[in-house]
Protein chains: 2
Amino acid sequence: MLARSTSRAIVTDRCASLGCSVCRGIDSAIKQELERLARVRRYAAGETVFGEEEEIPFVGNVVSGVLRMQKTIPDGRQQIVGLLVPSDMFGRVFSHRSQVSIEAATPVTLCCYSRRAFEALLGRFPALEHRMLLSILDELDAAQDWMMLLGCQTVMERVATFLLIVRGRSPGLSAPAPNRPTSYEIEVPINRRDMAAYLGTTAESISRSIQEMARQGVLRIADACHFEILNERQLIWLSGRGEAERRPERQLLIA
Amino acid sequence: MLARSTSRAIVTDRCASLGCSVCRGIDSAIKQELERLARVRRYAAGETVFGEEEEIPFVGNVVSGVLRMQKTIPDGRQQIVGLLVPSDMFGRVFSHRSQVSIEAATPVTLCCYSRRAFEALLGRFPALEHRMLLSILDELDAAQDWMMLLGCQTVMERVATFLLIVRGRSPGLSAPAPNRPTSYEIEVPINRRDMAAYLGTTAESISRSIQEMARQGVLRIADACHFEILNERQLIWLSGRGEAERRPERQLLIA
DNA sequence: AGTTTAATTTGATCTGAAACAAGGTTCGCG
DNA sequence: CGCGAACCTTGTTTCAGATCAAATTAAACT
């Protein structure tokens, strides 16, 4: 009990002040209301927070761990349409049923608000709803980037892009370093199977791409989840966003 | 001049009353403001409304024609991340630069509002901003569906899905028919190249899939853009959303 | 109508990545 | 410590779909 309420206090504090991106810079009246609503939930790796087509009883933000948002077709194929890391909001406001299932990819701690209550709050505080809008627009931009990745990039490019994203989120970059000795050690927080489902490929292909990068000296493999990036420029080039050194320029061949 | 202002009057009326989905059911004070802001623009097929990374001077909704939202990587590969058809909103509020380019896939007529002015309106009318939020959430759901399609479906499934979407939007379904003799004739409003860029494949593969469907008796090809759906059940099955007749059920093979 | 030009279809070949199949490694647990 | 269960890597085979090439059809221009 004690331990529980202690952690709750800590966690709800983080929800409102550190945690969810929509709450940043929001006035304290709203923060207080949010704290009042907040309830902590924990899930073990592999547990389902809610399934596809299910009711959405609550929304909230991730305190620790990683969630995957995924969709499944009847024959069993799965696609991860988003990963949720600490400070991300999860759930879906203003919709009865979820279009995705949300599952714990690692053990997670969530800070949850009743969906109804949260929606009511959005109605009462337009500034909060505005924050929400901005945050969803960012998600939409990210979704479009991912469509491009899935629609027309090679597996190697996808893996490189993913590693760069992980690198971008890893500590050392979050704090604006003065002299930029940004940590070149990254930790991939999910296993190969989930990476594959996220990148629209297979665990085998992921493995081959990473080993190939190591062979090229782009990175060093400490263990399956820990890498040291040795040649960031090359990694960026592999991701397909390079300057396009020698590209054919096909369209302007009209004499 | 006369013709121009005539069409403007007609069009702005449609913008506010028929046109954009966010305006539906919005009170008339807002509608009037919107009409005051509205300016019509026309583009020929192939013209760019605004390019990737460009300023976003205006937002608005499509009155007629089809726009494509697309992203390009340095080496020239392109992915269409969304098609915009009449009544869809285009543009991006609360962002200086666009993450996608918007181009006319056919001749289009747009009803445009200055982005700044529209944003100001959203600030003044929380109900309008709420509508906007709902509309963007729908877009996000659609984007997630598309990620699944690009990440783990075959070309045949993608084409079938696309045709079903076109069918769902074709007239006869928009009006809730009493006895449901829904039009089984569909018109694909874009060419094979754009279909390919949207579905993450090539024009050749699109062509092969459609010809194969015709061979199976799923549809009849009137011309490159007009089909008659002969067996909708089969088309749904081909799209991969079927009941999954005989699926292996791999995971539960633990004796 | 006749010529150019673009779009679509069809055919043949090639290839990146999936699928299948072993091994190897790591970790938790009795 | 040894056993089982995931997880990851590596090797081999197979195949869907890309690429290349050519023929056909349709649209646009004069």
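Residue numbers begin at 1 in each chain, while the letters A, B, ... track the order of the sequences.
Residue A/Arg192 contributes atom CZ, which lies 19 Å from atom P of C/dA19 at whole-angstrom precision. The nearest whole Å value for the distance from the NE2 atom in B/His226 to the P atom in D/dT25 is 20 Å. Atom CD of B/Gln153 and atom P of C/dA18 are 15 Å apart (whole Å). The CD1-P distance, from A/Ile210 to D/dT9, rounds to 6 Å in whole Å. Rounded to a whole Å, the CD1 atom of B/Ile221 is 12 Å from the P atom of D/dA26. For the pair A/Leu199 CG and C/dA18 P, the interatomic distance rounds to 11 Å; values are reported in whole Å. Protein atom CG of B/Asn191 is 14 Å distant from nucleotide atom C1' of C/dT9, rounded to whole Å. The nearest whole Å value for the distance from the CG atom in A/Asp223 to the P atom in D/dT9 is 10 Å.
In the set C/dA18, D/dT19, C/dT8, C/dA18 carries the atom at the smallest distance from any side-chain atom of A/Ser205. Looking at the side chain of A/Thr201, the nearest of the listed nucleotides D/dT9, D/dG17, C/dA17 is C/dA17. Among D/dG17, C/dT8, D/dT9, the nucleotide with an atom closest to any side-chain atom of A/Gln211 is D/dT9.
Residue contacts for B/Glu204: at a heavy-atom cut-off of 4.0 Å it reaches a base atom on one of the strands shown.
Between B/Thr202 and D/dA18 there is a side-chain N or O to OP1 or OP2 distance below 4.0 Å. Put simply, B/Arg193 has no side-chain N or O that comes within less than 4.0 Å of OP1 or OP2 on C/dA7.
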Next on the checklist: B/Phe227 vs B/Tyr184, test: ring-ring contact (aromatic ring centres under 6.0 Å, His included). Steps then yes/no.
Outcome noted: CA-CA 8 Å; B/Phe227 310 107; B/Tyr184 283 73; over 10 Å; no
Checklist entry - Given B/Arg41 and B/Thr109, is the side chain to side chain donor-acceptor pair (under 3.5 Å) satisfied, shown in steps? => result CA-CA 6 Å; B/Arg41 285 166 179 270; B/Thr109 309; over 6 Å; no
Checklist entry - Going through the distances and angles, do B/Glu103 and B/Gln70 end up as a side-chain contact (heavy atoms from CB on, under 4.5 Å)? => result CA-CA 8 Å; B/Glu103 299 175 20; B/Gln70 62 186 8; 3.0 Å; yes
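Taking every heavy atom of both residues into account, A/Gly91 and A/Ile102 meet most closely at N-CD1, 3.8 Å.
Judged by atom type and distance alone, A/Arg208 does not reach the base of C/dG16 through any side-chain donor-acceptor pair under 3.5 Å.
The aromatic rings of B/Trp146 and B/Tyr198 sit parallel to each other, their planes meeting at less than 30°, with 60° as the upper class boundary.
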